[in-house]
Amino acid sequence: MKSEYHTNQTRSVPHAPCFVSSLRGCVLLLFVVIRWEEERYTDGSKWRFLEHKGPVFAPPYEPLPDKVKFYYDGKPMKLNPPAEEVATFFAKMLDHEYTTKDIFRKNFFKDWRKEMTSEEKSKITDLNKCNFSEMSEYFKAQSEARKQMSKEEKLKIKEENERILQEYGFCIMDNHKERIGNFRIEPPGLFRGRGDHPKMGMLKRRIRPEDIIINCSKDSKQPKPPPGTKWKEVRHDNKVTWLVSWTENIQGSIKYIMLNPSSRIKGEKDWQKYETARRLKKCVDRIRNQYREDWKSKEMRIRQRAVALYFIDKLALRAGNEKEEGETADTVGCCSLRVEHIKLYPKMDDQEYVVEFDFLGKDSIRYYNKIPVEKRVFKNLQLFLENKQPEDDLFDRLNTSILNKHLQELMDGLTAKVFRTYNASITLQQQLKELSCSDDSIPAKVLSYNRANRAVAILCNHQRAPPKTFEKSMQNLQTKIDEKQNQLSAARKQLKAAKADHKASHDDKTVQRIEEQLMKLQVQATDREENKQIALGTSKLNYLDPRISVAWCKKWGVPIEKIYNKTQREKFAWAIDMAEKDYEF
DNA sequence: GGCTGGACTTGGCACCACGGCC
DNA sequence: GGCCGTGGTGCCAAGTCCAGCC
């Protein structure tokens, strides 16, 4: 069996017919087509053979040493292991703001009490009387000790991790050895949602083998549960891509272990996504004309649909599914916008028909934007707002399902999120065309690339909190620039003097080298400053057709390593193989 | 047509290994 | 050789979308 496997490293065979363009030999070409035909199942199945070793469980709880005490109402109290474990979760977060929040404390205390013995329960009735500080100190000391470990000890841990990775981190799917994404089961702890989450502080319970569903092929060697335990179920469902699943107890949703982005199955899906977006490019004008027409429709539902689609297209808003109230943080997308999230200004400064958006989107990231819109859109919005309360839906005749059904009719495979992919990728391509300059040095070209990437991140509202070390690191960089400038003027002086004396010419090069170094630093500073509150990663990883970047690198002679790190190159191996310098999205 | 569960993608952030610098 | 800053990575939450059910 083993000799048939291709590892990621040795595999040079692309996953899709388009890869053919980058291949030279006919024999190889034939092989690609056959292999592709073989693996692209028409019956909806995702694989024929799947073998893996199952998940790695979180290490069991180790009770605290007796000297580390928990105090209730000033008196030491030894907790039983289950209650003690949950207490340690809280103690570990003591420095975090979370533990001061009412909801967090309330949820935690309620779930903690469930783990107590009846005796503990009757004693511990008020979280405010609990003192976790000794526990907290103990964990801080432990993490400090970990940092102070000797090289040998650190190496040993590293080797052990590597061993686990080798054993559990790979699977075999249809003749390929593939890297698994997240083969470790999430450890128990306190749930921390994002934003104002009503469930923050609840206990995320420990996952046991009895909770685990294994998915593998019948003819594979099945993973063994830890001694003395059983899996919940072993199934052989090749219509799905996951290897392991379990149900988490906070939302009752299912969690999965799936393959790494570098895997064939993920790469193919990614490629498909961008192909759908490219198909949208071909018919986007038609669709835009259509929704503009629909702004005039007699039917309210059609007008709403058309205005919502306009926002999704123009502003790259997310679809906005309905959410169960009280289960999650109150966030919205386009279809779930409420009256309170927009304000209309017939005139603002020198612009007409301005809409102001202010709402919390995915991950409770604020979306704030003021944009002028067409008069028709504006009038429609006024109509939608009539006789409504702030908490009413802006688009009361619309939801994502209605919208996506409509989109499906306009183009096969079209959904709301395709617009985000399309607009992100087309923006990158346009920006790169505008910003790139052949006279630029490599660092300047990379800055242009980052700026194009940044334009997309801004469009998609990918924000981040400024890094905690931002100010300091900017200062450090500025110091370096100042030093370099001094160095440069010194070198220039020297050169001038040398020239006057008709001395050696190699000093010329020294000046040049310093100039380059200085320019590099200045570019770095600009890039970092502009990037203060913008996160580039998400768009780079999920929205930008990597073939645009690969082609750009080839066209402008920028090494791909300057744009994609190793992991990203692995994820985008298909694109690196495929795209030539003239690739057009 | 609404509801729900399931599968899969997208998202920000904390943490830590690693490389550069003194 | 130790310190410091940072990029990369893992973590895991939170979206999207679809199928199947009634």
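So that the names make sense, note that chain A is the first sequence line, chain B the second, and so on, each numbered from 1.
Note on A/Y543: a side-chain N or O is less than 4.0 Å away from OP1 or OP2 of B/dG11. Put simply, A/K255 has no side-chain N or O that comes within less than 4.0 Å of OP1 or OP2 on B/dG6. The side chain of A/N321 contributes an N or O atom lying less than 4.0 Å from OP1 or OP2 of C/dT16. For C/dG15, one of the phosphate oxygens OP1 or OP2 lies less than 4.0 angstrom from a side-chain nitrogen or oxygen of A/T331.
For A/K269 against B/dT9, no side-chain N or O and base N or O form a donor-acceptor pair under 3.5 Å.
Both A/F191 and A/R318 lie close to DNA chain C; mapped to their nearest nucleotides by heavy-atom distance, the more 5′-ward contact belongs to A/F191. The 5' end of DNA chain C is approached more closely, in terms of each residue's nearest nucleotide, by A/E186 than by the other of A/E186 and A/G361.
Relative to the six-membered ring of A/F191, A/K204 misses at least one condition, a distance below 6.0 Å or an angle of at most 45° to the axis.
Side-chain contact check for A/T331 and A/K362: no donor-acceptor pair (N or O, by modelled atom type) lies under 3.5 Å.
Residue-level contact check: A/R420 touches the backbone only, with heavy atoms under 4.0 Å from sugar-phosphate atoms and none from bases. Within the 4.0 angstrom heavy-atom criterion, only backbone atoms of the sugar-phosphate kind lie near A/P187; the bases stay farther away. Contacts of A/K199 with the nucleic acid, taken as non-hydrogen atoms under 4.0 Å apart, are absent.
For A/F183 and A/Y168, the gap between ring centers reaches or exceeds 6.0 Å.
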Checklist entry - Do A/M411 and A/C283 pass the side-chain contact (heavy atoms from CB on, under 4.5 Å) test, and can you show the C-alpha distance, the side-chain angles, and the key distance before you say yes or no? => result CA-CA 8 Å; A/M411 184 194 105; A/C283 60; 3.6 Å; yes

